[in-house]
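Heads up: the structure comes next, in structure tokens.
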There are 2 protein chains.
Amino acid sequence: MQKASNGTRARNRPEDQLGRKEGRTVSRQVLADHVYEELLASLMDGRLEPGTAVSIDGTARELDVSPTPVREALARLEHTGMVRRVALKGYRVAPVFTREDFADLMEARLAIEPVNARLACTRLNPHRLAELEQTVADLKSAPRGPSFAEYKDYLEADERFHQLIAQQTDNQFLVGAYAALGGQVQRFRLFGGVGITDAENAIAEHQSVLDALSGGDPEKAGAAMAAHIQKVRERAMADAPEE
Amino acid sequence: MQKASNGTRARNRPEDQLGRKEGRTVSRQVLADHVYEELLASLMDGRLEPGTAVSIDGTARELDVSPTPVREALARLEHTGMVRRVALKGYRVAPVFTREDFADLMEARLAIEPVNARLACTRLNPHRLAELEQTVADLKSAPRGPSFAEYKDYLEADERFHQLIAQQTDNQFLVGAYAALGGQVQRFRLFGGVGITDAENAIAEHQSVLDALSGGDPEKAGAAMAAHIQKVRERAMADAPEE
DNA sequence: CATGTTCAGATCCTATAGGGACGCCTCAGG
DNA sequence: CCTGAGGCGTCCCTATAGGATCTGAACATG
């Protein structure tokens with residue numbers, strides 16, 4: 001049982017161990033934070049499929065840490081809805097969306113996001129507008145192949161666009177409310193396994209939201225966002241398998 | 001070091017140990033769940049004041065459990081915004097609301113709750129309507145003394161009213177979004193330490209939301225809810241200390 | 001007086017041990 | 001062949017040990 005000083009076992013990639021940059025501790029991260037991010041990435045990337053059990057001990061072995069930080073990371077993850085826990089039975093990845101779940105999610109987004117867009121519009125500054133423009137540009141240039149690795153960037157840019165708008169409301173509660181949905185939005189990708197089939201339409205809609213924002217018309221921005229979400233819903237419901 | 005078999009240390013009040021009723025395990029709860037609920041109650045009741053440090057080891061000693069379940073409970077709690085964590089420094093109770101925080105919270109509620117009311121109205125059934133009526137009755141009959149213990153019931157009924165409406169949307173995401181805010185709504189009580197000064201007005205507003213719901217007019221229900229939240233904001237902002 | 005240093009106690013964090021529950025496989029008996 | 005009991009491994013859960021880190025106070029120095 002080889003172990004270093006303490007609290008730091010011999011690890012495969014010691015360079016990405018703690019939140020250090022050029023030898024100086026910057027952000028003071030602990031092991032549980034790393035496990036959290038690792039698990040979150042696995043969930044988002046689809047490496048962990050819905051329904052799969054996420055064993056505490058197994059994950060600990062895999063990441064070469066003790067079960068304690070894994071337990072803590074999973075406790076945090078549970079609150080995001082990405083994993084579910086049954087007492088004494090462990091965690092498993094939340095199940096796939098049904099059509100009803102998806103409709104509910106869109107209904108919730110329809111309640112929150114147009115408000116975000118409206119408020120963001122009244123508080124927009126040039127720097128943040130530039131970020132949004134960059135994100136839309138990323139969206140346009142992202143590859144859209146059939147496999148997940150190929151449309152990953154596209155999805156990330158999409159998610160970032162909506163998240164930026166939430167952040168620009170300067171309202172921590174709206175950011176929080178969107179974040180609670182945001183994790184789910186990502187999971188939607190697993191909904192029936194449909195790829196990106198509506199990129200052209202979606203990009204145009206994002207662009208029109210952006211135009212309304214930069215035009216400084218809050219009502220128009222809210223309406224554009226509402227229209228976008230409704231269209232996304234319609235297209236997805238048409239595409240999705242009956243199940 | 002006296003200890004029972006394992007996983008169950010000698011405890012002061014063995015009767016409230018696990019989720020047991022008449023000796024049979026009913027809900028399969030684990031220690032971390034109990035710690036979570038205990039901490040949540042302390043937070044909600046105001047026994048833990050904002051800014052106070054919540055020591056892991058100290059809480060463990062106090063509840064007579066090991067630090068492991070406490071750590072897990074706090075990890076979950078952090079995601080609700082009730083406590084904040086700084087790596088290697090521990091947890092402390094989230095700071096009091098400022099006027100801006102409060103305004104933001106009301107803005108967020110204004111985005112979500114009228115939608116909830118509208119949707120709840122379209123999906124209301126007699127049983128659930130009765131629950132709502134009972135809650136408004138509770139609100140009317142609750143004592144409203146100056147100390148926290150005296151207006152605790154009032155606040156609970158108030159919170160329950162809004163929560164019931166969220167649940168009646170039958171939309172897990174809207175319930176989740178409201179729940180994320182709900183914890184904060186409770187914390188608002190600490191905002192300046194003002195007691196219940198607007199009970200008569202608030203009760204009338206709740207009643208009119210209920211009337212609109214039972215009347216089956218979604219638009220009216222949404223409008224009544226929006227009006228209620230706006231009034232709450234106005235009254236609180238007028239009452240609240242300048243700071 | 002102001003500032004930097006040292007040291008002790010509290011606290012955080014991770015690892016590890018070990019009990020109980022559950023599932024799976026084997027294997028004996030009908 | 002089918003069935004049920006028992007062994008074995010895995011996993012969850014909690015407790016405990018001990019190194020790492022922070023905090024605050026006493027103390028030294030310019």
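Just so it is clear: chains get the letters A, B, ... in the order the sequence lines come, proteins before strands, and each one is counted from 1.
- The ring pair (Phe, Tyr, Trp, His ring centres under 6.0 Å) search around A:Tyr36 returns none, not counting sequence neighbours.
- To the nearest angstrom, C1' of C:dC12 lies 14 Å from CZ of B:Arg92.
- Between A:Asp104 and A:Arg109, none of the side-chain N atoms (NZ, or NE/NH1/NH2) sits under 4.0 Å from a carboxylate O, so this pair counts as no salt bridge.
- For B:Leu63 and D:dT14, the CG to P distance is 13 Å, given to the nearest whole Å.
- Distance, B:Asp64 CG to D:dT16 C1': 14 Å, rounded to whole Å.
- Among the nucleotides D:dC13, D:dA15, C:dT14, the one closest to the side chain of B:Pro69 is D:dA15.
- A search for side chain to side chain donor-acceptor pair (under 3.5 Å) contacts involving A:Arg61 returns nothing, not counting sequence neighbours.
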I'd like a list of close polar pairs between nucleotides 10-12 of chain D and the protein, N/O only, cut-off under 3.5 Å.
| from | atom 1 | to | atom 2 | distance (Å) |
| --- | --- | --- | --- | --- |
| D:dC11 | OP2 | A:Arg61 | NH2 | 3.0 |
| D:dC12 | OP1 | A:Ile56 | N | 3.3 |
| D:dC12 | OP2 | A:Ile56 | N | 3.0 |
| D:dC12 | OP2 | A:Asp57 | N | 3.3 |

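- Atom CG of B:Leu74 and atom C1' of C:dC13 are 14 Å apart (whole Å).
- Remark: P of D:dC13 and OH of B:Tyr36 are 16 Å apart, rounded to the nearest angstrom.
- Regarding contacts with the backbone of D:dA15, a side-chain N or O of B:Ser66 is found under 4.0 angstrom from either OP1 or OP2.
- Residue-level contact check: A:Ala53 touches neither bases nor backbone, having no heavy atom under 4.0 Å from any strand.
- Sorted by first then second residue, the side chain to side chain donor-acceptor pair (under 3.5 Å) pairs that include residues 85-97 of chain B, not counting sequence neighbours, are A:Asp33-B:Arg85.
- With sequence neighbours excluded, the residues satisfying salt bridge (charged side-chain N to carboxylate O under 4.0 Å, His left out) with B:Glu107 are A:Arg123.
- Closest contact between the side chain of A:Arg85 and the listed nucleotides C:dT16, D:dT16, D:dC13 involves D:dC13.
- Counting only residues at least two apart or on different chains, no salt bridge (charged side-chain N to carboxylate O under 4.0 Å, His left out) pair has a member in residues 50-60 of chain B.
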